[in-house]
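Note: hydrogens, waters and symmetry copies are ignored here, and every other heavy atom, side chains too, is used. This chain uses plain numbering: 1 for the first residue, then up along the sequence.
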Amino acid sequence: MPSFVPYLIHTLFPPWVRRPTEIGAEIMMVAGGAFIVYWLLKYKKLQWLWNEWLTTVDHKKIGIMYLVAAIIMLARGGLDALMLRTNLAMPTLHFINASEYNEVFTTHGTIMVFFMGMPLIFALFNVVVPLQIGSRDVAFPRLNAISFWLFAFAAALFNLSFVVGGSPNAGWTAYPPLTELAFNHTVGENYYFISLLMTGIGTTITGINFLVTILRMRAPGMTFMKMPLFTWATLNTSALILFAFPPFTIALLESLLDRVAGTSFFTLSHGGMPMMYVNLFWLFGHPEVYILVLPAFGVFSEVVATFSRKKLFGYPSMVLSMTAIMVLAYGTWVHHFFTMGAGPAVNVFFGLSTMLIAIPTGVKVFNWILTMWGGRLTFTTPMLYFLAMIPTFVIGGATGVMLGAVPADYQFHNSYFVIAHFHQVLIGGTVFGLLAGVYYWWPKMFGYKLNDRQGKWAFWLFAGGFWPTFIPQYWLGLEGMTRRMYTYPFGLGWHTLNVISTIGGFIMGAGFLVLASNVLYSRRHQERDETGDAWGNGRTLEWSIPSPAPEYNFAVIPVVDERDWWWAEKERRQSGERPALPRPEDIRPIAIPKNTPVPILLGAAFFLGAFGLVFTWWYIALAGLAGVFGLLIYSWFQYDHYRILSAGEVRESEELLGRLGA
């Protein structure tokens, strides 16, 4: 055996990745990969996969790939959560040991925030925003594909840590000195920093892309105050991304350099300052909460108007409150560490700013309620998620104000009260909102609805399990249970509350299984939407075109003269004021972006370089870097990025869809 082989085996597969859990995961990953390859070969789908998906720059297909990745990551993060809850169900129950517990809660938080929440948001951005503003694509289609593949390979790299080298174990916030090389010798934290740097680059590119798309590519007549609320949410979220991710990127890069290059940005013993990392992290981290929540607010605004059959109440105040949240989000980060000892003046300022940001959020809730007032409500699955959000998010917001009260925060800090609040906001706001959006726009993505009966079962299990999972955790926090505890002794009075919380977690898991079953069932028993307006009450531009949308989106770009343009247009067409369908002579040739392999190859080159950097194998890291630069240089000399669909081809497509007038 060559001398380097034992070193390679010990480095890639140390003892802590040869435990039963990791071995089981390895078997499942190999078996799953083998099945996918077998299926592709058996049904001769490799060429189809490459041409239609892996090399696509179509924003709609990229959105669907984000959605698939987010659902997979939701399953992985959910399994982590159930492992944590199982371990805490009983005192001194060692379902997993302390080391595994640290790894699992680290990967759970990181996956749910960065590899489930963010791609689920970007799925809806990609699928919905160009259609809502009357655009044929995003501003930079190739950059959009590059963003996705950077995320996808970063997610693969992070999940690889579970079976190769070892998972990160310092928490999803990765505070020093827990991440410093002197205290953490495994490569897990390298995986954390490098994978988040990769996906952070893609996220920043996405923020820029959608900012430019919304500012420069709206349909004629669509002024800012005629934009749908989901588009406004995307605009504000993109602005948050643009300014929130740079400090996070700096913190990640400096932490990585501390580990692999011997610097001491955050190494206290060499003059570094760990609290500077904490400031940089939360300077990103609290805007990140609103990056996750604002798109959900946009979804709820669309859903409540559609299923109340009314215009959204107080549209100008909704726009103003959303923009106010975006601005105020940058002034609240210190409330995450009042106990640092910054002094009363600093703590009072950030306590007041924390309470202040609750005001525009309250404005939105009242406007949604007043939209329903006097409406003809339809209780579809998306509407149920909206209705469940209101009490859930209100309680989460109220406990956030409690955390903003500095003296009280000294009691709440680092306890399960904080965990309950965080999940109340992010599940009650973000996850409920994004699931509502997935159900709402599913027919626009695939041409058929998800089964509503199964959707409601999934909702009642997921939302019904949520309350017994997290409400007991407020009491646990008040009774002194701190976060990151992997076990606890008898006699503290925590047992019953933890049992209830664990049962609730498994009920939520059952809700996810019903959702997954619904996806498979609905694909098998499709009820095709032939109208394009799947819910019959659509108000915005995306419901005016076929489902799923053709590759060019709009045969004729509409001229927008109303805020709820499609609602007004339906009324005009019914009264005979407008022709129901575009005329053949109105159709012109359309430029469509060409598919390209550069984005996926660029992601693969990043992955190769990142993997080498994780283990400080510099030759592999440099090979990946050379691949990145080589692909960028190659791409710079590619000028033919578009193909032309002739007017005749567009007419033929529209005629097949039954969308061409006389």
Side-chain angles (χ1 to χ4, degrees), residues 80-81 84-85 87-88 91 98-99 101-110 112-113 168-180 183-184 189 192 251 255 266 268 273-286 288-289 332-344 346-348 350-351 353-355 395-427 469-489 492-495 497-498 501:
D80 286 345
L84 300 177
R85 288 307 329 154
N87 208 61
L88 293 171
S99 176
Y101 190 90
N102 289 343
E103 293 172 6
V104 171
F105 81 68
T106 299
T107 55
H108 166 71
T110 307
M112 288 304 204
V113 172
N169 57 11
W172 80 275
T173 54
Y175 287 169
L178 298 175
T179 58
E180 291 291 318
F183 304 100
N184 198 325
E189 295 309 316
Y192 174 93
S255 295
F266 307 122
L268 192 61
M273 188 180 294
M275 274 313 303
M276 184 55 68
Y277 174 92
V278 178
N279 272 280
L280 288 170
F281 181 90
W282 287 113
L283 188 57
F284 146 82
H286 204 78
E288 169 68 7
V289 172
T332 59
W333 81 91
V334 173
H335 74 217
H336 289 274
F337 44 92
F338 281 142
T339 54
M340 176 181 70
V346 171
N347 285 354
V348 167
F350 283 97
S353 67
T354 300
M355 297 177 188
I395 291 175
T399 54
V401 172
M402 291 171 68
L403 290 167
V406 180
D409 185 75
Y410 273 73
Q411 169 65 30
F412 302 140
H413 184 74
N414 214 32
S415 75
Y416 256 76
F417 190 95
V418 177
I419 290 181
H421 158 74
F422 188 68
H423 286 81
Q424 188 102 27
V425 171
L426 286 189
I427 295 179
T469 302
F470 294 106
I471 293 300
Q473 293 181 15
Y474 285 116
W475 296 107
L476 285 167
L478 293 174
E479 291 184 7
M481 185 171 178
T482 59
R483 63 204 307 184
R484 307 184 186 95
M485 292 182 69
Y486 92 100
T487 190
Y488 54 94
L492 295 178
W494 300 347
H495 171 215
L497 292 169
N498 271 301
S501 183

Looking at residues at least two apart in the chain, or sitting in another chain, which of them share a ring pair (Phe, Tyr, Trp, His ring centres under 6.0 Å) with Y277?
-> F266

Identify, with sequence neighbours excluded, every residue that meets side-chain contact (heavy atoms from CB on, under 4.5 Å) alongside M485.
-> M481, T482, Y488, W494

Rounded to the nearest 0.5 Å, what's the gap from CD1 on I471 to CD1 on I395? Could you check?
-> 5.0 Å

How many angstroms lie between atom CZ of F470 and atom NE2 of H421, to the nearest 0.5 angstrom?
-> 12.5 Å

Closest approach of P168 and Y192, non-hydrogen atoms and distance?
-> CB-CB, 3.9 Å

What are the two closest heavy atoms between V418 and N414, and how far apart are they?
-> CG2-N, 4.0 Å

Results of side-chain contact (heavy atoms from CB on, under 4.5 Å) for V348 - residues two or more places apart only | L352

Evaluation steps, side-chain contact (heavy atoms from CB on, under 4.5 Å), between M275 and F337 = CA-CA 10 Å; M275 274 313 303; F337 44 92; 3.9 Å; yes

May I have the list of side-chain donor-acceptor pairs in residues 172-179 shorter than 3.5 Å, sequence neighbours left out?
residue, atom, partner, partner atom, Å
Y175, OH, W282, NE1, 2.6

List in chain and number order the residues that pass side-chain hydrogen bond (donor to acceptor under 3.5 Å, both in side chains) with E288, two or more places apart in sequence or in another chain; answer none if no residue qualifies.
-> none

Work out which heavy atom in L268 is nearest to a heavy atom in P274; give both atom names and the distance.
-> CD1-CD, 3.8 Å

Give the minimum heavy-atom separation between L88 and N498, together with the two atoms involved.
-> O-CB, 3.2 Å

Contacts of E189 meeting side-chain hydrogen bond (donor to acceptor under 3.5 Å, both in side chains) (sequence neighbours excluded), chain-then-number -> none

Inter-residue atom distance M340.CE - N347.CG, 0.5 Å rounding = 7.5 Å

List in chain and number order the residues that pass side-chain contact (heavy atoms from CB on, under 4.5 Å) with M402, two or more places apart in sequence or in another chain; answer none if no residue qualifies.
-> T399, F412, F417

Measure from the ring center of F350 to the ring center of W333 and say whether it is less than 6.0 Å.
-> yes

Do E479 and L497 pass the side-chain contact (heavy atoms from CB on, under 4.5 Å) test, and can you show the C-alpha distance, the side-chain angles, and the key distance before you say yes or no?
-> CA-CA 11 Å; E479 291 184 7; L497 292 169; 4.2 Å; yes

Kindly write out the residues that satisfy ring pair (Phe, Tyr, Trp, His ring centres under 6.0 Å) with H286, not counting sequence neighbours, or none if the list is empty.
-> Y290, H335, H336

Taking only residues two or more places apart in sequence, or in another chain, which ones meet D80 in a salt bridge (Lys or Arg N to Asp or Glu O under 4.0 Å)?
-> R76

Which pair of non-hydrogen atoms, one from S501 and one from Q473, has the smallest distance, and what is that distance?
-> OG-NE2, 3.0 Å

Would N102 and R484 count as having a side-chain donor-acceptor pair, cut-off 3.5 Å?
-> no

Non-neighbouring partners of T339 that pass side-chain contact (heavy atoms from CB on, under 4.5 Å), sequence neighbours left out | Y410, H413

Closest approach of A251 and L280, non-hydrogen atoms and distance?
-> CB-CB, 3.8 Å

Distance-only, no hydrogens or angles: does the Q411 side chain make a donor-acceptor pair with backbone N or O of P407 under 3.5 Å?
-> no

N169: partners by side-chain hydrogen bond (donor to acceptor under 3.5 Å, both in side chains), with sequence neighbours left out = N184

Given the rule in the side-chain contact (heavy atoms from CB on, under 4.5 Å) test, do L403 and T354 qualify, once you have shown the distances and angles that lead to the verdict?
-> CA-CA 8 Å; L403 290 167; T354 300; over 6 Å; no

